[in-house]
Amino acid sequence: MKDYQTITLEIADGVALLSLNRADKMNALNTQMRAEITDAVTHAGREARVVVLTGNGKAFCSGQDLSDGGNATTLDLERVLREEYVPMLRAITDCPVPTISAVNGPAAGAGANLALSADVVIATESAYFLQAFARIGLIPDAGGTYALPRQMGMAKAMGAALFAEPITARQASDWGMIWEAVDDAGFDAHWRARAAKLAMGPTQTYGAIKQAIRSTWDNTLEGQLDLEAKLQGACGQTRDFKEGVVAFLEKRPPRFEGR
């Protein structure tokens with residue numbers, strides 16, 4: 001396993017656990033962390049059957065480290081977004097296996113949108129999401145302006161961006177921004193069980209589900225129906241489909257291999 005400096009990566013039983021590891025900085029994102037996340041997710045997508053992102057310490061991620069690279073006001077934000085954030089976010093969204101954000105605490109700014117880039121977001125009830133950008137004269141970035149209107153609608157997305165007020169995990173769940181908010185006491189066990197379930201599932205099917213759902217915003221109905229047919233045909237050729245049918249007929253749980 002690679003020796004990362006700002007994150008940790010553990011792979012066991014088909015689950016890759018990527019933990020942001022700058023707890024003293026509330027896991028703020030700097031250049032090195034973005035590069036390491038990109039590398040780790042790319043590696044994990046080849047070696048595991050599900051990838052989980054979480055944070056060490058009390059926060060998930062507080063967003064951009066404004067002290068990274070000296071004076072924040074002279075930082076070339078466009079370059080940083082294009083060269084550092086885009087590859088990181090694409091590694092997550094294009095990951096061939098399911099990705100989960102286990103949001104263990106505050107997720108602010110780019111940290112909130114990093115969390116929302118995963119396929120499934122599970123948050124502890126004490127966590128919150130904050131589009132903090134307008135507080136310092138910036139717009140939501142790191143994919144926030146793409147994800148938020150699609151996840152919770154235009155009205156909520158606009159208010160979140162303009163007012164820059166915290167959105168509790170429970171609100172985020174109720175508004176369709178995340179999959180679920182979980183009681184703090186049971187959070188760790190819950191997301192681990194969710195990850196284990198996906199790691200034992202039909203991995204190629206999950207990849208096809210990701211492709212189909214993420215493509216829907218760019219397709220016409222005709223185009224989406226065509227994509228569904230193509231992907232379903234490929235799924236029908238997998239060993240897991242055959243196992244699923246046999247298990248159903250034999251009235252037993254399927255034993256998926258991810259192939």
Side-chain angles (χ1 to χ4, degrees), residues 1-12 15-45 47-48 50-69 72 80-81 83-95 97-124 126-133 140-144 147 166-167 169 172 177-179 181-182 184 187-188 190-192 194-195:
M1 196 62 63
K2 297 185 180 181
D3 184 21
Y4 296 113
Q5 302 301 308
T6 65
I7 66 172
T8 61
L9 179 65
E10 305 169 17
I11 301 179
V15 178
L17 177 58
L18 190 165
S19 300
L20 309 184
N21 196 31
R22 301 183 74 213
D24 59 323
K25 299 287 188 180
M26 295 187 69
N27 297 321
L29 293 157
N30 61 13
T31 292
Q32 183 173 358
M33 181 182 275
R34 289 187 287 273
E36 291 186 351
I37 292 171
T38 303
D39 184 83
V41 171
T42 302
H43 172 73
E47 300 296 326
V50 61
V51 178
V52 180
L53 288 81
T54 193
N56 285 335
K58 296 181 179 180
F60 175 79
C61 179
S62 59
Q64 169 69 29
D65 184 347
L66 295 178
S67 66
D68 185 34
V80 171
L81 286 168
E83 296 181 8
E84 299 179 17
Y85 277 95
V86 169
M88 176 182 69
L89 297 166
R90 290 310 301 249
I92 296 168
T93 58
D94 294 345
C95 186
V97 300
T99 55
I100 297 175
S101 286
V103 180
N104 56 297
N113 297 330
L114 170 64
L116 297 177
S117 69
D119 299 317
V120 174
V121 184
I122 302 171
T124 187
S126 62
Y128 62 82
F129 300 83
L130 175 62
Q131 297 296 319
F133 302 90
D141 60 22
I167 299 169
M177 183 177 170
I178 67 173
W179 171 241
V182 180
D184 286 33
F187 173 69
D188 189 73
H190 184 85
W191 70 254
R192 289 181 185 277
R194 288 289 201 190

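Counting only heavy atoms from C-beta outward, the side chains of Asn21 and Met33 never approach each other to under 4.5 Å. A heavy-atom distance below 4.5 Å is not found between the side chains of Lys25 and Asn30. Within the 4.5 Å cutoff, the side chain of Ile178 has heavy atoms near those of the Phe129 side chain. Annotation: side chain of Phe187 is in contact with side chain of Ile122 (closest heavy-atom distance under 4.5 Å). For the pair Leu114 and Met88, the minimum side-chain heavy-atom distance is below 4.5 Å.
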Check step by step if side-chain contact (heavy atoms from CB on, under 4.5 Å) holds for Ile100 and Trp179. CA-CA 10 Å; Ile100 297 175; Trp179 171 241; over 6 Å; no

Decide yes or no on side chain to side chain donor-acceptor pair (under 3.5 Å) for Thr6 and Glu36, but give the supporting numbers first. CA-CA 7 Å; Thr6 65; Glu36 291 186 351; 2.7 Å; yes

List the steps and the verdict of side-chain contact (heavy atoms from CB on, under 4.5 Å) for Arg34 and Gln64. CA-CA 10 Å; Arg34 289 187 287 273; Gln64 169 69 29; 2.8 Å; yes

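Remark: side-chain polar atoms of Asn27 are paired, donor with acceptor, to backbone N or O of Ala59 under 3.5 angstrom. With hydrogens and angles disregarded, a donor-acceptor distance shorter than 3.5 Å links the side chain of Asn104 to the backbone of Gly55. Side chain of Arg22 to backbone of Ala28: a donor-acceptor contact under 3.5 angstrom is found.
Summarising the geometry, atom CD1 belonging to Ile92 is positioned 7.0 Å from atom OG1 belonging to Thr99; distances are rounded to the nearest 0.5 Å.
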